Amino acid sequence: MADIARRPTQTPGRLISFEWYSAMRGSARGAFWSSFAGWSLDAYDYMIFSFAVTAIAATFGLTRGQTGLIATVTLVVSAFGGMAAGVLADRIGRVRTLMVTIAFYSVFTLLSGFAQSYEQLLFFRALQGLGFGGEWAAGAILVAELSDPVQRGRALGWIQSAWAIGWGLANLAFLIVFSLDHDKQAWRWLFWLGILPALLILYVRRTVKEPAVFQETRAAREKPEAGAERARRQPLAEIFSSGLLKTTLFASLLATGAQGGYYSFTTWLPTYLQTSRHLSVTGTGAFLFITIAGAFCGYIVSGYVNDWIGRRGTFAIYAVASAGMILLLTQLPADILRIVLPLVTFVLGFAASGIFSGFGSYLAELYPTRSRGAGQGFCYNSGRAVGALFPTAIGFLSASAGLSGAIAFGAGAYALCLVALLFLPETKGRELVAID
């Protein structure tokens with residue numbers, strides 16, 4: 001088991017420490033950087049739509065409901081991609097699944113730039129969603145199985161922070177491309193740049209090996225005497241067995257609340273700042289960088305807090321803070337919001353993004369190794385499928401309630417997180433073993 005992190009001698013209460021990284025051995029560091037880069041570029045490929053949405057709507061003459069539907073379809077299909085990738089990760093391995101998903105989202109992001117109609121764009125973005133959903137499922141499991149249990153939360157927190165990096169790259173590309181080309185062509189360049197993540201596959205193939213705990217589990221399952229047991233215990237079916245059904249239902253509800261709230265404001269925030277708060281493209285980009293900076297800090301701090309106070313308490317704190325910031329952003333009078341907008345957007349990014357740092361470790365700890373991919377892939381991505389309905393709902397609701405009122409509707413999603421936590425156990429420090 002040379003690749004798994006050795007148990008470090010560390011002080012859990014230290015503000016920011018990197019023992020979790022120095023403890024990684026063998027290909028574990030390669031797995032970390034592969035997952036970090038994959039998630040970052042995954043974020044770029046997804047988030048560019050939110051920057052391009054106004055230009056896309058103008059190009060094809062779309063209503064807000066139609067543009068919201070593109071985001072929803074991408075997320076719904078990504079849910080199925082994540083579920084499939086979770087099952088695939090239990091079958092062919094975490095590393096090979098990671099490579100397949102990266103290739104998928106890169107190719108279809110590129111093709112989105114060539115769309116000549118609304119229907120074509122909807123189709124390409126849907127297929128991009130298959131890879132987008134699958135990459136997180138494979139990468140998060142890979143790092144979770146290679147991390148020391150005492151510090152797993154912070155390792156996955158740093159992985160999750162890669163989303164802010166990709167979001168920042170999308171924002172930077174938006175500012176550069178839209179300053180160099182007219183709107184009806186610039187959005188296409190944003191998508192064409194999405195092919196670059198495919199180069200990451202070469203690095204993954206050369207440097208990353210399957211975690212020892214997965215190899216041991218697969219070896220045990222392939223023994224002749226394990227044939228009947230293997231046939232009876234299919235990973236996707238097992239997560240709905242009597243012993244895991246409650247966990248699956250409420251972990252999915254937790255993911256639904258977090259993602260419903262998150263996608264409510266990230267999909268529509270650029271449009272909201274431009275149309276409701278009357279910011280220019282440059283002004284919108286500046287405030288989005290503040291939100292992204294908050295997100296990066298939130299991801300990292302959340303990882304450490306998860307290891308200090310536990311998974312359930314961290315989820316609850318971040319859910320309440322996220323809902324509060326969405327309400328402040330959308331309901332404060334314009335003259336007051338103008339003063340506090342930098343603070344509100346920073347804290348909103350910190351809370352609504354940071355809540356996700358707990359999912360990689362928490363979902364991995366809730367399921368046995370033999371069905372970990374299926375459990376993690378299903379719960380996170382079924383939450384994404386239901387949460388994906390929020391952008392479309394906001395698009396249609398904005399026609400009657402205004403965009404401010406519609407986005408505020410998304411704050412209610414975080415109440416689902418609090419309900420789910422009442423029925424889920426604490427898993428802080430739980431060991432991940434081959435046979436459980």
Side-chain angles (χ1 to χ4, degrees), residues 4-5 7-8 10 12-13 19-20 23 35 82 86 89-90 94 136-160 211 213-214 217 235 238-259 299-319 354-383 416-436:
I4 198 166
R7 182 62 58 85
Q10 48 86 36
E19 288 93 341
W20 60 269
S35 300
D90 286 334
R94 290 40 168 146
W136 183 87
I141 298 167
L142 182 63
V143 175
E145 291 182 338
L146 290 170
S147 301
D148 176 74
V150 175
Q151 304 193 94
R152 186 178 293 123
R154 62 202 76 182
L156 269 297
W158 278 94
I159 289 292
Q160 204 72 45
V213 67
F214 169 76
T217 302
E238 186 176 359
I239 68 173
F240 293 101
S241 65
S242 58
L244 291 173
L245 178 60
K246 176 182 174 183
T247 295
T248 299
L249 292 177
F250 286 105
S252 298
L253 185 64
L254 178 66
T256 297
Q259 296 188 83
Y299 286 132
I300 294 173
V301 172
S302 176
Y304 287 83
V305 175
N306 265 280
D307 285 336
W308 294 338
I309 70 172
R311 315 315 189 204
R312 296 172 73 246
T314 306
F315 276 117
I317 291 170
Y318 274 73
I355 195 172
F356 290 100
S357 290
F359 278 104
S361 53
Y362 194 41
L363 295 179
E365 291 159 355
L366 286 172
Y367 289 94
T369 302
R370 61 182 177 268
S371 58
R372 181 167 298 125
Q376 189 148 340
F378 178 85
C379 294
Y380 190 82
N381 289 287
S382 61
L416 301 178
C417 295
L418 301 180
V419 172
L421 291 170
L422 295 174
F423 299 93
L424 291 170
E426 179 56 60
T427 60
K428 174 186 172 184
R430 181 172 292 180
E431 297 275 359
L432 304 184
V433 296
I435 306 299
D436 42 14

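The model shown is predicted, which means the values in this text are computed figures rather than measured ones. Computed over heavy atoms, backbone and side chain alike; hydrogens, waters and symmetry mates excluded.
- Between the CG atom of D307 and the CZ atom of R154 there is a distance of 4.0 Å, given to the nearest 0.5 Å.
- In plain terms, the two heavy atoms of A155 and V143 that are nearest each other are CB-CG1, 4.5 Å.
- Q259 places a side-chain N or O within 3.5 Å of a backbone atom of Y380 that can act as its donor or acceptor partner.
- Residues T314 and S357 fail the side-chain proximity criterion, which asks for heavy atoms closer than 4.5 Å.
- Atom CZ of F240 sits about 12.0 Å away from atom OG1 of T247, to the nearest 0.5 Å.
- The shortest side-chain heavy-atom distance between Y362 and N306 does not fall under the 4.5 Å cut-off.
- Taking all atoms of both residues into account, the shortest heavy-atom contact from L416 to T256 is CD1-CG2, 4.0 Å.
- Smallest separation of non-hydrogen atoms from C417 and L254: SG-O, 3.5 Å.
- Among all heavy-atom pairs drawn from L363 and A251, the shortest one is CD2-CB, 3.8 Å.
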Derivation of the side chain to side chain contact (heavy atoms under 4.5 Å, CB included) call for Y367 and Q376: CA-CA 8 Å; Y367 289 94; Q376 189 148 340; 5.8 Å; no
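- Nearest heavy atoms, C379 versus A255: O-CB, 3.5 Å.
- For R94 (side chain) and A89 (main-chain N/O), a donor-acceptor pair under 3.5 Å exists by modelled atom type.
- With a 4.5 Å cut-off on side-chain heavy atoms, F250 and L366 do not count as touching.
- Side-chain contact check for Q160 versus S302: every heavy-atom pair is 4.5 Å or farther apart.
- Without hydrogens or angle criteria, R312 side chain to L421 main chain gives a donor-acceptor distance under 3.5 Å.
- Taking CG of L249 as the reference point, atom CG of L244 lies at 11.0 Å (rounded to 0.5 Å).
- Between F359 and F315, a ring centre-to-centre spacing shorter than 6.0 Å is recorded.
- Under the 3.5 Å distance criterion, the side-chain polar atoms of R152 are matched with a main-chain donor or acceptor of R430.
- A donor-acceptor pair is defined here as one N or O able to donate and one able to accept, closer than 3.5 Å; such a pair exists between the side chain of T248 and the backbone of I239.
- Scanning all heavy atoms of the two residues, the minimum distance from K428 to E365 falls at N-OE1, 4.4 Å.
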